[in-house]
Amino acid sequence: MTAVSLKRGAITLTAANMLDFGLQFLMPIALVRLLPTSAFADYRLAWLAIGTAMAIAPFALPRSLFYFLPRHEGQARAPYVHQTLLMLLLTGALAGLALGPWNPLLPASLRAMHSAAWFMPAFLTLWVAANLIEFLPNARGDVAGQARMIVALAVLRVLMVGAAAWSGRADVVFGALVAYAAIKVVLVLLHIGRHYGWRVFPLQMPALRTQLVYCVPFGLASALFLLRGQADQWVAAAMFPAAAFAAFSIGAVIMPVVALVRNSVSNAIAPRLSALESNKDQDGMLRLNQRANLASAFVLLPTLMLTAVLAVHIVTVVYTDKYLLAADVMRINCLALLGVAVEVSTLTVVLNQGRFLLAADGCLLFVSLAAGVTGALLFGVPGAALGNVLTLAAGNAFSFWRVSRVTGVPLRRLQQWGALLRILAACVGAGALAALLDAADLVRAPLLEAVLIGAAFAVAYVALLKLAGVLSEARALFLPQAPIAPASPTKHD
């Protein structure tokens with residue numbers, strides 16, 4: 001796979017996921033206007049529980065296909081796909097049962113959720129397995145097909161849930177979600193049948209054991225990492241009224257933006273990283289990770305900076321001024337995400353460092369809970385997000401240390417730190433200008449002011465990138481390059 005195709009794949013997946021996120025971002029904005037307050041509260045609580053289930057139930061099984069499929073050819077791939085589907089159906093059913101209203105460990109508000117008794121078991125059994133369709137095409141190298149699938153499913157979900165919301169009833173919305181999950185499962189089955197066949201039994205136990213040995217540490221580590229990311233929301237839900245929790249969850253909207261960019265880039269390069277590792281090409285792995293981090297930094301750092309500056313405008317325009325409390329939470333989350341703007345987690349996966357990640361994330365989960373509770377007691381609702389600030393940065397630092405130790409490469413050589421610092425400096429300069437314009441209060445209309453400030457930020461950011469000498473690097477990463485003409489033959493006497 002060439003550098004150009006890798007770049008095109010990362011950009012394609014990022015664009016598709018950005019469209020998906022944009023549509024899902026708009027969905028709560030529509031639902032809050034279409035559903036009664038109680039029904040919308042049920043919807044938010046349901047997705048908090050679903051998000052927690054999705055942190056645990058997939059158990060790194062879909063992503064393990066990026067590791068195993070590039071290492072096998074033809075029908076040798078089929079057992080890994082078949083057993084992944086079977087295990088996801090099982091873990092999804094268990095998650096649905098665990099999150100039913102009969103579980104006394106759940107918060108009272110979640111147990112009292114309308115339609116919880118049938119929705120959680122039915123939806124999660126399908127949803128966890130349906131998640132496989134977001135990995136299968138890419139795992140076999142079809143990045144364009146993966147992108148098309150993401151876009152088509154995103155549009156379908158908006159149409160189905162939006163139509164159901166016109167009824168004004170939560171149970172109708174939940175029914176539409178179950179139907180949507182069933183459609184995704186059908187697509188999974190069609191894809192598997194077409195490319196891998198249906199000779200599932202008897203299971204190939206050596207392949208199953210190999211996959212489970214690989215997945216267990218990464219699954220536990222991933223679960224702990226994702227639960228750590230949700231700890232602040234559970235703290236807010238437990239310690240503050242429902243309205244305050246709603247504002248807090250709105251303030252966390254920036255988290256999925258960063259996650260989708262990081263995941264799109266990671267998913268695009270994961271098969272190539274696995275192939276490089278199997279060929280013992282450590283230098284190639286590090287170079288690929290460095291370029292992926294540079295590409296992410298050019299996008300993520302300005303996004304976080306501008307979001308922090310425009311937090312009040314974003315909340316006011318999108319969610320109305322009833323939720324202005326969310327602006328402070330959003331700013332704190334932007335600070336927290338700076339800790340993962342540059343990462344080597346994809347390398348820890350390829351280098352099979354699951355046990356290390358498991359130990360680190362297990363410790364940091366408790367740190368996150370403790371910091372969130374302490375922050376909430378000291379600073380109110382925004383303080384509940386402090387756990388993310390501490391643990392995201394600490395977890396990323398641990399990963400850098402581990403990769404450096406395993407590869408023998410000093411930390412100073414793991415990334416192109418000089419270029420990354422210049423990108424950050426350009427963001428800070430553009431952010432300072434945007435903050436001054438915001439303080440000047442030149443325009444009364446929040447949306448118009450946000451657009452003007454955003455435009456000024458963009459112009460300043462590009463100018464400062466050029467001044468810092470990294471604009472050419474951005475062009476090389478994101479713009480198609482002209483093919484290099486073959487050298488003309490030379491004559492030798």
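Counting from 1, the numbers follow the sequence of the chain as shown. Predicted, not measured: the structure shown is a model, and the values here were computed from it.
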Euclidean distance, [Y] [atom2] relative to [X] [atom1], rounded to 0.5 Å:
| X | Y | atom1 | atom2 | answer |
| --- | --- | --- | --- | --- |
| M160 | L177 | CE | CG | 8.0 Å |
| L90 | L85 | CG | CG | 11.5 Å |
| E134 | I150 | CD | CD1 | 6.5 Å |
| F298 | R475 | CZ | CZ | 10.5 Å |
| L301 | L338 | CG | CG | 6.5 Å |
| L136 | N131 | CG | CG | 10.0 Å |

Closest approach of [X] to [Y] (non-hydrogen atoms, all atoms of both residues):
| X | Y | answer |
| --- | --- | --- |
| N396 | V344 | OD1-N, 4.2 Å |
| L437 | A456 | CD1-CB, 3.5 Å |
| L31 | A165 | CD2-CB, 3.3 Å |
| L364 | G395 | CD1-CA, 3.5 Å |
| M330 | I254 | O-CG2, 4.4 Å |
| A129 | L88 | CA-CB, 3.9 Å |

Using a 4.5 Å cut-off on heavy atoms from C-beta on, say whether the side chain of [Y] contacts that of [X].
| X | Y | result |
| --- | --- | --- |
| V185 | L132 | no |
| R331 | V312 | yes |
| F379 | L386 | yes |
| F457 | M305 | yes |
| V151 | R148 | no |
| K184 | L126 | no |
| L325 | P382 | yes |
| D328 | V381 | no |

Check your understanding: Run the side-chain contact (heavy atoms from CB on, under 4.5 Å) check on T307 and I314 step by step: do they pass?
Key -> CA-CA 8 Å; T307 300; I314 293 171; 4.0 Å; yes

Exam field: side chain [X] to backbone [Y], donor-acceptor pair closer than 3.5 Å:
| X | Y | value |
| --- | --- | --- |
| N103 | A98 | yes |
| N293 | E343 | yes |
| S64 | L61 | yes |
| Y180 | L153 | yes |
| H82 | G197 | yes |
| D438 | L310 | no |
| N333 | G251 | yes |
| T84 | Y80 | yes |
| S167 | A164 | yes |

Review point. Hey, mind stepping through M27 and Y43 against side-chain contact (heavy atoms from CB on, under 4.5 Å) and telling me if it holds?
Key: CA-CA 11 Å; M27 183 57 63; Y43 179 84; 3.9 Å; yes

**Study point:** side-chain contact (heavy atoms from CB on, under 4.5 Å) evaluation trace for M54 with V128
**Key:** CA-CA 7 Å; M54 291 302 294; V128 174; 3.8 Å; yes

Exercise for review: Could you go through the side-chain contact (heavy atoms from CB on, under 4.5 Å) check for F119 and I50 one step at a time?
Suggested key: CA-CA 11 Å; F119 172 66; I50 292 165; 4.0 Å; yes

Review point. Do the rings of H191 and Y196 sit parallel, tilted or perpendicular, given the 30° and 60° boundaries?
Key: tilted

Check your understanding: Between W47 and W127, how do the two ring planes meet: parallel, tilted or perpendicular, split at 30° and 60°?
Key -> perpendicular

